[in-house]
Amino acid sequence: MSTPPSESILSLPVSAAGDAESTAKSSLLEQEVVLLFEQLRNPLLRYLLSLGLPIHDGEEIVQEVFLLLFQHLQSGKPRHNLRGWVFRVAHNLGLKQCSRQRQHRMAEPSESLMEWHLDPGPNPEEQLARGQRQERLLAVLRALPEQDQHCLHLRAEGLRYREIAEVLGMSLGAVSLSISRSLARLDRADGR
């Protein structure tokens, strides 16, 4: 008859028991990181694309973020607000990559997300009106200060004001003011 797993670990030499415990802990961390990856991959990738990164760069950064998250958790560092931590790291890596791209190529602008996901209307008139509206709103969005754009994109990904403040290193009041001001500008441009 085999011994139950808990007893078999106890019967192992001290170093083997420590290795088994370490392996089990590492496996739990892997599962936690995989679960967070599944939950946050798409919102994180959309946010990185909103910074103007090509999709392949965004996907590489997402992978790097979750590798860093695993290392962060494995080293026993703080676990509070991992979602905010993930977006903060992605934000910083995304900005570094954008900076590298600007240095290496000052040529053609990247396609916007809105151009990739045009929703065809039932008739040409509605398509034209929708296209003009999108162009107007995108122009207003591009004219916003960079910090306001980041706040809006993070809010669109579902982050709470407090998480946005943490990701961007702003005060909660500054985030609230930025989002309110940006939404008011978009409303005015939309004729509401």
Side-chain angles (χ1 to χ4, degrees), residues 21-106 109-117 138 141-183 186:
E21 183 180 319
S22 173
T23 302
K25 190 175 185 180
S26 183
S27 178
L28 287 174
L29 282 177
E30 285 176 27
Q31 290 174 1
E32 183 179 7
V33 171
V34 167
L35 181 63
L36 282 168
F37 177 82
E38 290 169 359
Q39 292 172 352
L40 298 176
R41 178 194 180 277
N42 290 336
L44 204 55
L45 184 57
R46 281 191 304 267
Y47 177 67
L48 290 166
L49 294 177
S50 78
L51 296 176
L53 290 171
I55 194 159
H56 66 276
D57 287 346
E59 288 173 340
E60 285 183 23
I61 290 173
V62 168
Q63 291 176 9
E64 187 175 349
V65 165
F66 284 96
L67 176 62
L68 291 170
L69 175 63
F70 180 76
Q71 292 169 347
H72 175 85
L73 294 174
Q74 197 172 37
S75 66
K77 294 190 177 159
R79 306 177 62 84
H80 71 282
N81 194 8
L82 291 178
R83 181 176 165 201
W85 186 93
V86 163
F87 271 90
R88 174 77 177 184
V89 171
H91 172 79
N92 291 339
L93 291 175
L95 290 181
K96 280 183 189 175
Q97 183 63 26
C98 286
S99 175
R100 276 188 230 122
Q101 286 177 354
R102 276 192 291 271
Q103 290 172 357
H104 292 295
R105 61 184 164 128
M106 296 290 211
S110 65
E111 294 180 35
S112 76
L113 281 177
M114 294 298 187
E115 293 168 352
W116 292 350
H117 300 288
L138 280 173
L141 185 62
R142 286 186 200 114
L144 291 173
E146 192 173 315
Q147 193 83 337
D148 291 353
Q149 289 180 33
H150 294 318
C151 286
L152 278 180
H153 287 297
L154 289 169
R155 184 65 184 133
E157 292 304 334
L159 271 71
R160 296 182 311 258
Y161 283 27
R162 187 171 309 286
E163 291 172 319
I164 294 169
E166 191 173 310
V167 168
L168 298 177
M170 300 170 62
S171 71
L172 190 58
V175 169
S176 177
L177 180 62
S178 169
I179 291 175
S180 297
R181 183 177 51 230
S182 299
L183 291 175
L186 289 168

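Positions are given from 1, in the same order as the sequence printed here.
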Report task. Quick one: list whatever passes salt bridge (charged side-chain N to carboxylate O under 4.0 Å, His left out) with Glu59, sequence neighbours left out. Result -> Arg41
Query - Glu146 vs Leu95, side chain to side chain contact (heavy atoms under 4.5 Å, CB included): CA-CA, chis, key distance, verdict - result: CA-CA 11 Å; Glu146 192 173 315; Leu95 290 181; 4.2 Å; yes
Report task. Measure the spacing between CG of Leu177 and CG of Leu172 and express it to the nearest 0.5 Å. Result -> 11.5 Å
Got a list of side-chain donor-acceptor pairs under 3.5 Å for residues 151-165, not counting sequence neighbours?
residue	atom	partner	partner atom	Å
Arg155	NH1	Leu159	O	2.9
Glu157	OE1	Arg46	NE	3.2
Glu157	OE1	Arg46	NH2	2.9
Glu157	OE2	Arg46	NE	3.1
Glu163	OE1	Arg160	N	2.9

Can you give each donor-acceptor pair under 3.5 Å made by side-chain atoms of residues 66-75, sequence neighbours left out, with the distance rounded to 0.1 Å?
residue	atom	partner	partner atom	Å
His72	NE2	Pro78	O	2.7
Ser75	OG	Gln71	O	3.2
Ser75	OG	His72	O	3.0

Report task. Dump the intermediate steps for side chain to side chain contact (heavy atoms under 4.5 Å, CB included) on Arg83 and Leu36, then the final yes or no. Result -> CA-CA 8 Å; Arg83 181 176 165 201; Leu36 282 168; 5.9 Å; no
Query raised in the report: For the residue pair Leu53 and Gly94, what are the closest heavy atoms and their distance?
Result: CD1-CA, 3.8 Å
**Report entry** Considering all heavy atoms, the nearest Cys98-Leu51 contact
**Finding:** SG-O, 3.5 Å
Report summary line: Here the gap from Leu144 atom CG to Leu186 atom CG, rounded to the nearest 0.5 Å, amounts to 6.0 Å
Report task. Over all heavy atoms of both residues, which pair between Leu44 and Val65 is shortest? Give the atoms and the distance, please. Result -> CD2-CG1, 4.2 Å
Report summary line: In terms of heavy-atom contacts, Asp148 and Ser182 come closest through CB-OG, 3.3 Å
Query raised in the report: Glu32: what forms a salt bridge (charged side-chain N to carboxylate O under 4.0 Å, His left out) with it, not counting sequence neighbours?
Result: Arg79
Query raised in the report: Which residues satisfy the side-chain hydrogen bond (donor to acceptor under 3.5 Å, both in side chains) test with Gln31, sequence neighbours excluded?
Result: none
Report summary line: In this structure, NE2 of His56 is separated from CD1 of Ile61 (nearest 0.5 Å) by 10.0 Å
Requested in this report: Output every pair passing side chain to side chain donor-acceptor pair (under 3.5 Å) with a member in residues 87-97, not counting sequence neighbours, ordered by first then second residue.
Outcome: Tyr47-His91, Asp57-Gln97, Gln97-Arg100
